[in-house]
Amino acid sequence: MLNRTDARARTLADLPPVNSDSLLKLIALAEADPRPDKIDVGVGVFRDAAGNTPILKVMKEAEQRLVDTQVTKAYLGSAGDKRFAELLRPILLGPHAGDERVAGLQTPGGCGALRLGFELIATANPSARVFLGTPSWPNHAPIIQSVRLGIEEYPYYERGQGIIRFEDMIAALERGEPGDVALLHGCCHNPTGADLSEDQWREVVRVVADRGLLPLIDIAYQGFGRGLDEDAFGVRLMLDTCDEAIVAQSCDKNFSVYRDRVGSLWVKTGSTGATATAMAHVFQRAREMWSMPPDHGAAAVHIILDDAELRARWLVELTAMRDRINSVRQRIAAADPRLTFIGRQFGMFSMLPLTKEQVLKLREDHGIYMADSGRFNVVGLSDEQIDRFTAGVVGALDA
Ligand code: LMR
């Protein structure tokens with residue numbers, strides 16, 4: 001697709017350079033640094049106390065079972081593994097699991113779900129504007145632009161004080177017109193860690209419903225914040241109130257299957273007939289983009305969720321990941337009064353009030369790799385790295 005800036009390109013040789021995704025660049029930079037004591041708190045993968053990202057024990061067992069029992073790799077169709085979606089349904093939707101106006105399908109990760117959700121919106125209403133709080137996950141805006149929807153940015157976060165700019169958020173959503181989209185983070189806000197409180201969710205849902213906006217909730221970290229049900233509070237409240245809603249979900253983090261790309265998209269409309277039609281469009285778009293989602297990771301998640309004993313063991317491993325996130329947060333928060341906000345936030349990320357120059361200096365002087373925005377992955381740190389990390393950050397804040 002050509003856009004305004006590259007409209008003159010006629011051959012492959014004419015293509016303009018691409019400013020590639022900053023997080024992907026950061027992975028490569030950290031990997032290339034030969035210093036053995038470098039600290040990589042860039043991209044969002046969970047690490048344990050020793051600094052590893054192990055495959056969950058329960059996942060290893062499910063994968064073995066999959067190898068032992070799978071008898072065919074024949075096509076499944078654009079919906080992917082239907083039982084996988086059925087099993088996720090109550091985990092995500094809670095009391096709305098029985099609502100037949102909500103339909104879901106497997107997607108290649110949360111990113112695939114987002115793209116597909118925005119494809120659906122662009123098909124239904126190409127003039128919809130998407131209200132996007134900033135900062136947000138760096139891939140949100142490019143995905144929205146890729147389906148040629150307009151973006152209305154509003155400030156979500158006050159970096160100096162570590163608080164949500166809630167009044168600005170509400171004022172922005174109040175300017176929405178019916179059919180415009182509110183893109184919201186379900187839990188564990190990426191990149192800030194600053195989640196809406198339950199009262200704030202109530203207010204957001206009220207404005208979304210009053211203005212006739214279409215909520216699209218991106219929930220990629222369910223279970224990493226307060227708990228599976230608690231983290232789905234906003235999703236479920238939205239479904240309580242709104243006839244139309246879209247949810248992009250990911251299992252990549254809570255099942256630790258990042259590269260396997262395991263996610264799902266959920267669509268609610270006001271009637272089962274309208275949902276069926278919307279899903280027919282979704283299947284068509286999926287067919288055009290990837291035809292069918294990759295099977296392996298979702299098949300393993302399916303095995304875990306379909307077996308009471310494996311499911312219970314997954315919950316134990318998920319709880320251990322959440323506990324580590326929260327305990328590392330508390331250790332960092334205790335290091336300096338200017339870092340206490342980190343202890344009040346949720347999920348893998350927080351954003352430090354550092355300038356880009358300070359971030360680059362930390363990289364050069366201490367081998368600490370975080371996003372230029374000051375976003376860092378709390379559990380990118382091994383236990384042994386925490387003190388060195390906080391000393392480096394405090395030194396940068398003092399400078
Ligand atoms: C992150 O934000 O670090 C992760 O979601 C990885 C990604 O794809 O950007």
Side-chain angles (χ1 to χ4, degrees), residues 18-31 38-48 51-53 107-118 132-146 156-157 159 183-195 216-225 231 247-265 289-290 293-294 297 318 321-322 324-325 328-329 342 345-352 354 359 363 368-381 389:
V18 168
N19 198 5
S20 62
D21 186 279
S22 54
L23 284 173
L24 300 187
K25 266 196 249 172
L26 196 62
I27 296 179
L29 271 180
E31 270 176 9
K38 66 189 170 189
I39 294 178
D40 175 11
V41 284
V43 81
V45 290
F46 175 89
R47 296 201 182 97
D48 63 16
N52 300 316
T53 305
T107 58
C111 185
L114 282 165
R115 175 63 191 256
L116 194 51
F118 279 115
L132 175 67
T134 59
S136 199
W137 183 46
N139 210 13
H140 275 152
I143 293 173
I144 298 164
Q145 283 155 353
S146 72
Y156 176 78
Y157 188 66
R159 219 164 61 128
L183 173 57
L184 301 162
H185 294 236
C187 64
C188 305
H189 187 272
N190 178 5
T192 69
D195 282 355
L216 192 163
I217 305 185
D218 179 4
I219 180 160
Y221 301 94
Q222 193 184 356
F224 269 19
D231 290 349
V247 183
Q249 181 274 349
S250 175
C251 294
D252 290 335
K253 287 84 178 174
N254 54 14
F255 284 85
S256 213
V257 286
Y258 305 88
R259 65 175 71 162
D260 285 340
R261 314 306 301 139
V262 185
S264 60
L265 176 74
M289 289 192 290
W290 50 73
L318 175 62
M321 289 195 280
R322 176 169 67 251
R324 172 152 213 276
I325 293 170
V328 176
R329 282 191 173 280
I342 292 170
Q345 298 177 334
F346 294 96
M348 291 211 272
F349 306 110
S350 277
M351 188 171 258
L352 294 163
L354 297 173
V359 168
R363 207 174 285 173
I368 295 176
Y369 284 81
M370 70 177 75
D372 291 354
S373 61
R375 184 195 91 161
F376 75 103
N377 171 12
V378 175
V379 278
L381 295 164
F389 172 79

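The structure displayed is predicted, hence computed values, not measured ones. Indexing begins at 1, ligand by ligand and atom by atom, following the structure's order.
- A heavy-atom cutoff of 4.0 Å around ligand 1 is satisfied by the protein residues L23, V43, G44, W137, N190, Y221, K253, F349, R375.
- For the residue pair S373 / R159, no side-chain donor-acceptor distance below 3.5 Å is found, with atom types taken as modelled.
- Evaluated for a side chain to side chain contact (heavy atoms under 4.5 Å, CB included) with H140, the options N190, L183, L216 yield exactly one hit, L183.
- For the pair R363 and D40, the salt-bridge criterion is not met [side-chain N within less than 4.0 Å of a carboxylate O].
- Using a 4.0 Å cut-off between charged side-chain N and carboxylate O, R259 and D252 make no salt bridge.
- The cationic atom of R375 (NZ for Lys, CZ for Arg) lies less than 6.0 Å from the six-membered ring centre of F349 and within 45° of the ring axis.
- Side chains of H185 and T192: a donor-acceptor N/O pair is absent below 3.5 angstrom, by distance only.
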